[in-house]
Amino acid sequence: MTSTVIFLIMFVVFSAILVGAGLYSKRWVSESSDFILAGREVSTVINMMGVCAIGFAGTTIALAPGFSVLLGFKAAIMWGGIYCICGLMLFGVLFSGFIRRSGAQTLPEYLEMRFNGTVRSVVAITSVIGMSGILANNIVSCANAITGFTGWNPTVIIAVIFAIIIGFTFISGLWAATITDFFQVTIGVVAVPLLLTLLVRKYGGLGAVNAAWPGGDFFSAGIGGASLPGAKLTYPSILNFVICFAAALVWGNNYYWMKIASCRSEKVAKKSFVLAAIILVAVFMIPLGLVGAYAGAFFGGSFIPGGGKLLQTAAYGVIVKVFAPIVGSFFVIGAVAASISTASTAALGATAVATRDIYQRLIKPDADVKKGLKASKLIMVAIGLLTWVLCQFPGGPIYLFAFANCWLVPPAILLGLGAFWPRFNSRGALWGALAGMIAMVSFTLLGDVFKVFVINRYVYMATLGFVITLVVAVVASLTAKSKYYGQAGWDRVPSATNRKDVKLNGTDLQVLQMIRLGHLYMADLTDALGVDSKTSNAAIENLDQGGYIVRAGMRGSKFYVFGITEKGMAALPALAGPEAAMAKEGLTPLYMELLDLVKNHPEKQADFVKRNAIKSLHMASISAHLTRQGYIVEGGLFKRKLRITDKGSAAIREFAVEA
């Protein structure tokens with residue numbers, strides 16, 4: 001059989017597995033929060049694989065080998081290390097607790113909590129465009145890889161890939177992407193190290209690479225003699241790698257936010273991001289950089305820097321052609337898996353923002369569970385249509401990626417300043433975001449589309465947008481009042497003289513009751529109430545200004561951890577008897593019913609949810625609370641499975657709840 005036929009068979013089997021995963025996980029989706037966040041049930045191993053799947057992208061297949069050819073192996077390692085360490089690992093360490101405790105399902109939703117609805121609306125719309133650009137970038141990259149190997153029509157390939165991605169994600173959303181990520185990363189873990197091993201056997205070790213490398217130093221310089229600068233303003237440089245591939249691509253990107261928000265706990269999120277970063281560097285970035293080194297050493301004349309006609313980003317496709325058709329087809333399937341895994345996550349990220357921040361908030365805030373789920377699926381189709389248009393963007397994947405980053409740089413600035421600078425306010429957020437986005441879009445049109453003025457000759461556009469957003473945001477913030485907690489004289493700890501009289505409504509009292517019970521995180525409150533974060537946040541701010549609660553801190557994750565004050569306790573009806581004894585231990589009759597079931601009938605945990613009409617995120621709130629209190633342990637690779645602890649068993653004996 002020819003290589004084309006072999007690849008076609010592999011591709012059909014691969015596609016069938018993806019669609020099958022969507023059908024299998026459909027039973028786990030009953031509402032939009034399942035579709036978008038998988039009910040906050042994602043485990044460490046699955047989230048680690050999901051983050052790896054995003055990192056193992058079509059962009060990675062193109063850029064890691066390409067940088068070795070263009071600038072030397074060191075450049076590939078610097079690029080991969082900056083993305084994995086400064087981007088993924090640092091994001092996980094700094095923001096896992098903050099994001100997971102905040103309870104916001106999307107980055108724009110958090111921006112309304114921290115600033116106002118206008119900032120949320122602006123960033124929501126632009127985030128959809130940006131993530132659709134990343135989706136288009138990966139689809140076009142995937143189509144190029146297949147076309148280069150088979151010679152098939154790229155337009156037809158793009159249409160087929162669209163159908164596959166929209167197909168399996170339409171069926172069951174994040175659950176489908178979660179299962180397929182596991183499968184696709186497994187392909188990559190086999191394909192990439194195997195490719196490097198075969199290259200070593202065929203051509204020799206690194207000494208052979210260095211001997212064949214033009215200039216004799218494959219580590220420090222590319223085949224044309226160029227090397228990676230450090231602080232240079234134009235692309236590529238180490239400075240621009242940090243801004244583009246750490247700040248914009250990760251920190252300002254909603255689907256990385258979702259990867260944390262969907263986890264069972266902040267501990268799960270942090271561990272999964274750290275492990276994913278390590279795996280990506282060891283299993284993908286370093287081997288792919290070395291694959292590029294072999295391509296440059298033994299096929300350097302094929303690439304433009306070596307006097308040929310091919311871009312350096314084609315290095316992976318060039319090198320896989322030296323093997324037998326069945327082996328080469330498998331390696332191309334690896335590249336396809338890389339592109340589709342990231343593309344599906346980008347599609348879900350854009351869908352989540354469009355659903356949560358636009359549809360449920362501005363169009364149909366009173367939509368029931370079925371309408372919300374149906375809307376999520378239709379919105380995904382609409383995202384697909386927008387992405388189809390973006391696939392026609394002039395310049396191909398490289399310019400598509402630059403276009404996408406125009407929309408992702410400003411949210412990264414807003415997230416960082418909002419989390420760690422209480423003085424930062426809505427004027428600074430709005431003006432900074434608009435200034436950065438307008439500047440980058442304008443220069444994209446002037447340079448990449450109309451060829452009138454190319455700003456990238458002087459400074460990389462993402463770097464310029466980063467500086468403009470940061471400067472305007474800081475300056476504008478200093479010209480207006482911040483929220484109460486950022487104003488001079490505000491004291492975190494309430495006293496008899498530093499708070500004001502406020503009127504408590506029903507939601508305020510519900511929130512206060514939950515805090516008394518030990519639900520100390522904003523995520524617990526939002527999930528249990530089943531509301532948008534703006535509602536629970538308004539209650540928290542009212543209670544805080546009235547002195548009924550106290551925040552654990554004013555920056556980072558402690559900002560969304562609360563305790564009840566004596567005034568707060570006095571505002572609630574007093575509890576008596578067994579109910580008071582349970583509440584003192586962070587328990588209620590409902591929670592005791594769950595503990596008893598987990599101990600005596602663990603196979604019937606789903607019955608508890610159905611019997612009490614508990615939505616998926618409310619269950620996440622209960623489970624997270626009981627886990628933190630030490631009554632249960634969360635397990636299960638995919639779906640959450642609870643196990644009783646000794647403390648939980650003791651509580652059952654003490655309160656003697658009947659099943």
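Owing to the predicted nature of the structure, the values given are computational and were not obtained by experimental measurement.
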Pair D527, S621: side-chain N/O donor-acceptor within cut-off below 3.5 Å
no
Would one find more than 12 heavy atoms of other residues, nucleotides or ligands at under 6.0 Å from atom CG of D501?
no
Going by heavy atoms in the side chains, are C263 and R40 under 4.5 Å from each other?
no
Close side-chain approach of Y460 to L233, heavy-atom, < 4.5 Å
no
Under the side-chain contact (heavy atoms from CB on, under 4.5 Å) rule, what do M437 and V409 come out as? Steps first, then yes or no, please.
CA-CA 8 Å; M437 290 174 182; V409 170; over 6 Å; no
Inter- and intrachain pairs under salt bridge (Lys or Arg N to Asp or Glu O under 4.0 Å), touching residues 535-564, at least two apart
K483-E541, R499-D544, D544-R551
Could you check whether S477 and N425, counting side-chain N and O atoms only, form a donor-acceptor pair closer than 3.5 Å?
yes
P108 and S127: which non-hydrogen atoms are nearest, and at how many Å?
CG-OG, 4.4 Å
Trace of the side-chain contact (heavy atoms from CB on, under 4.5 Å) decision for V502 with L504:
CA-CA 6 Å; V502 298; L504 303 185; 4.0 Å; yes
Looking only at heavy atoms, what is the nearest atom pair of S533 and T526, with distance?
OG-CG2, 3.8 Å
Is there a side-chain contact between I260 and F273, using heavy atoms and a 4.5 Å cut-off?
yes
Heavy atoms, side chains only, cut-off 4.5 Å: are Y83 and L88 in contact?
yes
M440 vs I468 side-chain heavy atoms within contact, under 4.5 Å:
no
Over 12 non-hydrogen atoms of neighbours within 6.0 angstrom of NZ in K271
no
With a 3.5 Å distance limit and no angle check, can you tell me whether N116 reaches the backbone of V119 through a side-chain donor-acceptor pair?
yes
Could you list the residues that satisfy side chain to side chain contact (heavy atoms under 4.5 Å, CB included) with T565, not counting sequence neighbours?
P494, V550, K567
Nearest 0.5 Å please: distance from the CZ atom of F245 over to the OG1 atom of T60.
9.0 Å
Run the numbers on D508 and Y548 for side-chain contact (heavy atoms from CB on, under 4.5 Å), then give the verdict.
CA-CA 10 Å; D508 298 337; Y548 296 94; over 6 Å; no
Is it the case that the side chain of N456 and the backbone of T234 share a donor-acceptor pair, with hydrogens and angles ignored and the cut-off at 3.5 Å?
no
Is the backbone of A269 close enough, under 3.5 Å, to the side chain of S272 for a donor and an acceptor to pair up by distance?
yes
Does any part of the side chain of I564, heavy atoms only, come nearer than 4.5 Å to the side chain of L572, both counted from C-beta?
yes
When you check the side-chain N and O atoms of T479 and R427, is any donor under 3.5 Å from an acceptor?
yes
If you define the side chain from C-beta out and look only at heavy atoms, does anything of V42 sit under 4.5 Å from V268?
no
Of the non-hydrogen atoms in T469 and G465, which two are nearest, and what is the gap between them?
OG1-O, 2.8 Å
Return a table of donor-acceptor pairs under 3.5 angstrom between the side chains of residues 514-523 and protein atoms on other chains or two or more places apart.
unit_1: R516; atom_1: NH1; unit_2: P573; atom_2: O; d: 3.0
unit_1: H519; atom_1: ND1; unit_2: D524; atom_2: OD2; d: 3.1
unit_1: H519; atom_1: NE2; unit_2: Y591; atom_2: OH; d: 2.8
unit_1: Y521; atom_1: OH; unit_2: R101; atom_2: NE; d: 3.4
unit_1: Y521; atom_1: OH; unit_2: R101; atom_2: NH2; d: 3.2
unit_1: Y521; atom_1: OH; unit_2: E266; atom_2: OE2; d: 3.2

What distance do F115 atom CZ and L430 atom CG have between them, rounded to the nearest 0.5 Å?
10.5 Å
For F450, ring pair (Phe, Tyr, Trp, His ring centres under 6.0 Å) partners two or more places apart
none
What is the minimum heavy-atom distance between Y110 and A104, and which atoms define it?
N-CB, 3.7 Å
Do any N or O atoms from the side chain of D491 and from the backbone of N498 form a donor-acceptor pair under 3.5 angstrom?
no
Under 3.5 Å, side chain of S102 to main-chain N/O of I99, donor-acceptor pair present?
yes
Qualifying salt bridge (Lys or Arg N to Asp or Glu O under 4.0 Å) pairs with a residue from residues 106-124, counting only residues at least two apart or across chains:
E109-R356, E112-R120, E112-R361, R120-D357, R120-D532
Does W251 form a side-chain contact (heavy atoms from CB on, under 4.5 Å) with L90? I'd like the steps, not just the answer.
CA-CA 9 Å; W251 293 31; L90 194 58; 3.7 Å; yes
Locate the shortest heavy-atom distance separating L417 from A473; write the atom from each residue and the value.
CD1-CB, 4.2 Å
P410 side chain near V123 side chain, heavy-atom distance below 4.5 Å:
no
Strictly under 6.0 Å, is that where the ring centroids of F241 and F67 end up?
yes
Residues 91-98, side-chain donor-acceptor partners within the protein, below 3.5 Å, at least two apart:
unit_1: S96; atom_1: OG; unit_2: G92; atom_2: O; d: 2.6
unit_1: S96; atom_1: OG; unit_2: K270; atom_2: N; d: 3.3

Looking at I243 and A462, what are the two nearest heavy atoms and their distance?
CG2-O, 3.7 Å
